[in-house]
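A short write-up of the structure that comes next.
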2 protein chains.
Amino acid sequence: MRDPEQTRQKILEVSADEIHRKGFNATSLSCILARCEISKGALYHHFANKMELGYAVFEEVYAPAFIALWQPPVEAEDPIQGLSDFFSSMSKEMSCDELVCGCPLNNLCQEMSGVDEGFRIRILAMQQQLNLLIATNLSRVSSQLQPGLDFSQIAYFIVSTFHGSSSLSKSSLNKELFDKVIKELCRYMGQLKR
Amino acid sequence: MRDPEQTRQKILEVSADEIHRKGFNATSLSCILARCEISKGALYHHFANKMELGYAVFEEVYAPAFIALWQPPVEAEDPIQGLSDFFSSMSKEMSCDELVCGCPLNNLCQEMSGVDEGFRIRILAMQQQLNLLIATNLSRVSSQLQPGLDFSQIAYFIVSTFHGSSSLSKSSLNKELFDKVIKELCRYMGQLKR
DNA sequence: TTTGCAACCGACCTGTCGGTCGGTTAAACT
DNA sequence: AGTTTAACCGACCGACAGGTCGGTTGCAAA
């Protein structure tokens with residue numbers, strides 16, 4: 001009946017969802033407790049405080065999910081095509097509600113980077129890891145790309161644009177503007193090829 | 001001695017700075033009162049509540065400043081060159097502290113769009129106004145650009161990338177990554193020309 | 001000079017937040 | 001069966017938020 005590991009996972013899962021939707025500060029513990037149907041004591045048995053809970057959500061939920069999301073398209077034979085399909089499928093398959101929540105990494109970056117050092121270093125590490133992932137896979141197929149390109153620069157550019165486009169859909173509440181940016185992003189990426 | 005209009009302006013100015021640095025929710029009225037050296041009664045004499053203060057800051061401080069910032073580069077003879085210089089000068093002339101605060105419009109978009117309808121519609125209107133500004137000025141020089149371009153799409157793309165790059169500097173605490181993205185953005189914009 | 005009112009003051013209110021802690025329960029081991 | 005301890009409970013706490021309101025002050029018109 002009692003299953004501490006399951007309790008912990010439930011807390012992480014619910015917290016991840018709440019933080020994704022509302023942001024870290026706007027997420028209240030009482031709301032998490034209600035959804036998990038546990039007491040405050042249970043939560044504080046598993047996590048020292050709200051910050052540590054936030055770090056755990058980042059490391060055990062967001063980070064793995066983030067890599068699992070980006071790795072397949074980037075490691076495709078043709079990463080340019082992989083990323084184009086990846087972005088395009090988002091506007092098609094994601095519901096408006098999901099889209100409006102944005103990327104958890106970018107959300108936390110905006111909200112927490114300037115406020116908490118623990119979040120900042122974790123977010124930065126994740127961004128650098130993603131950048132390396134994209135840049136190395138672009139250089140892998142560099143023979144098919146235009147000469148003289150800075151792959152790290154391009155990787156940061158692509159991710160920045162993607163995050164910026166997520167921001168747009170938050171205010172427009174629909175996919176239209178998001179689609180526009182993604183279209184142009186795909187056009188840009190296509191131009192990287194010879 | 002008493003100058004209600006000056007008091008009001010002071011409140012708006014200080015609030016704009018606080019909201020820019022900390023975000024809307026994290027900005028406390030008591031902090032604004034302390035910096036303005038006024039009482040809570042004075043603030044609530046001029047503004048109905050915190051939300052209305054936020055709206056006033058947006059409309060009377062952010063929006064005019066935003067237009068004043070973007071209009072000159074976009075309305076230059078060569079808007080592509082104007083925007084390139086505009087972005088490049090940011091990384092050179094802005095201090096790290098300023099850069100890390102990000103664009104007030106984008107910050108509020110991320111924080112408030114999903115939470116408050118009043119903010120959302122104001123932010124969206126501003127984004128559309130900026131988009132129109134850029135798109136019309138690109139079409140103005142369309143004879144110098146490649147054929148078949150969607151100017152609105154390009155305008156949203158440019159702004160999205162810029163906002164995304166601001167996000168990057170928040171976690172890295174330096175200009176390096178911001179510079180990288182801006183460099184690539186300028187390279188992209190250069191390719192729009194014939 | 002008196003009067004009216006906008007401008008301003010600040011003590012106080014209510015609600016919610018993250019966090020604490022003494023107590024209870026269930027399960028594993030001796 | 002008795003003992004220990006991790007797991008969990010929930011009443012309670014202080015801090016601080018936004019917001020209220022009766023009272024005071026200064027200026028301008030009558």
Side-chain angles (χ1 to χ4, degrees), chain A residues 1-58 60-61 107-108 111-112 114-119 122, chain B residues 1-58 60 107-108 111-112 114-119:
Chain A
M1 191 172 175
R2 265 186 178 176
D3 187 341
E5 192 51 37
Q6 184 181 313
T7 301
R8 198 187 129 91
Q9 287 304 318
K10 178 85 179 175
I11 295 172
L12 285 174
E13 175 196 324
V14 168
S15 300
D17 184 60
E18 287 287 319
I19 293 171
H20 187 195
R21 290 180 193 278
K22 305 179 186 172
F24 181 77
N25 284 310
T27 292
S28 73
L29 298 183
S30 57
C31 187
I32 294 172
L33 302 179
R35 279 186 58 182
C36 290
E37 293 177 323
I38 60 170
S39 69
K40 191 164 279 192
L43 192 149
Y44 274 87
H45 175 74
H46 289 283
F47 302 96
N49 49 45
K50 195 188 178 186
M51 252 337 157
E52 292 297 326
L53 171 60
Y55 296 162
V57 166
F58 188 94
E60 299 177 41
V61 182
N107 291 354
L108 281 176
E111 184 187 3
M112 300 304 294
V115 177
D116 181 76
E117 188 69 5
F119 265 116
R122 285 168 174 83
Chain B
M1 192 172 174
R2 265 186 178 178
D3 187 341
E5 193 50 38
Q6 184 180 313
T7 302
R8 199 187 128 90
Q9 286 305 318
K10 178 86 178 173
I11 295 172
L12 284 174
E13 175 197 322
V14 168
S15 300
D17 184 61
E18 287 288 318
I19 293 172
H20 187 195
R21 290 179 194 280
K22 305 178 185 173
F24 181 77
N25 284 308
T27 292
S28 73
L29 298 184
S30 56
C31 187
I32 293 173
L33 302 179
R35 279 186 58 182
C36 291
E37 293 178 321
I38 59 170
S39 69
K40 191 165 279 193
L43 192 150
Y44 274 87
H45 174 74
H46 288 282
F47 302 96
N49 50 45
K50 195 188 177 186
M51 250 340 156
E52 292 297 328
L53 171 60
Y55 296 162
V57 166
F58 189 92
E60 299 178 40
N107 291 354
L108 281 177
E111 183 187 4
M112 300 304 293
V115 177
D116 180 76
E117 188 69 5
F119 265 115

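Lettering of chains follows the sequences in order, A, B, ..., and the numbering in each one begins at 1.
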*Name the closest nucleotide to the A:Ser39 side chain, picking from D:dC9, C:dA7, C:dG19.*
D:dC9

*Between C:dG18 (P) and A:Leu29 (CG): distance, integer Å*: 4 Å

*Starting at CD of B:Glu5 and ending at P of C:dA6, how long is that distance when rounded to a whole Å?*
16 Å

*asked:* Can you tell me which nucleotide in D:dG18, D:dG19, D:dA6 comes closest to the side chain of A:His45?
replied: D:dA6

*Under 4.0 Å: is that the gap between some side-chain N or O of B:Ser30 and OP1 or OP2 of D:dA17?*
yes

*Is A:Arg2 side chain donor-acceptor paired with the C:dA27 base, going by distance under 3.5 Å alone?*
no

*Please round to the nearest 0.5 Å and tell me the distance separating atom CD of A:Glu111 and atom NZ of A:Lys22.*
12.5 Å

_On the nucleotide C:dC8, are OP1 or OP2 found under 4.0 Å from the side-chain N or O atoms that B:Thr7 carries?_
yes

*Please report, rounded to the nearest Å, how far the P atom of D:dA7 is from the CZ atom of A:Phe47.*
12 Å

*Which listed nucleotide (D:dC8, D:dG18, C:dC9) is nearest to the side chain of A:Ala42?*
D:dC8

*First of A:Gly41 and A:Phe24 reached from the 5' end of DNA chain C, by closest nucleotide*: A:Phe24

*Between atom CD in B:Glu52 and atom C1' in D:dG18, what is the gap in whole Å?*
14 Å

_Sugar-phosphate only, base, or nothing, as touched by B:Leu43 at under 4.0 Å among non-hydrogen atoms_ = nothing

*Got a donor-acceptor contact below 3.5 angstrom from the A:Lys10 side chain to the A:Arg35 backbone?*
no

*Once you round it to whole Å, what is the distance between C1' of D:dC9 and CD of A:Glu37?*
15 Å

_Could you tell me how far apart A:Lys50 (NZ) and D:dA15 (P) are, to the nearest whole angstrom?_
19 Å

*Identify which nucleotide among C:dC8, D:dG19, C:dC9 has an atom closest to any side-chain atom of B:Ile38, counting heavy atoms from C-beta outward.*
C:dC9

_Any donor-acceptor N/O pair under 3.5 Å between C:dG19 base and A:Lys40 side chain_ = yes

_Nucleotide C:dC21, atom P - distance to CG of A:Asn49 in whole Å_ = 14 Å

*Return no unless some side-chain N or O of A:His46 is found under 4.0 Å from OP1 or OP2 of D:dC8.*
yes

*Contact summary for B:Leu53 and B:Ser15, nearest pair of heavy atoms*: CD2-OG, 3.6 Å

*Among C:dA7, C:dG19, D:dA17, the one nearest A:Tyr44 by side-chain distance*: C:dG19

_Would you say that A:Leu29 contacts A:Tyr44 through its side chain, given a criterion of any heavy-atom pair below 4.5 Å between the two side chains?_
yes

*Quick one: does A:Asn25's side chain get under 4.5 Å of A:Val115's, heavy atoms only?*
no

*asked:* Rounded to whole Å, how long is the line connecting atom CD of B:Gln6 with atom C1' of C:dC8?
replied: 15 Å

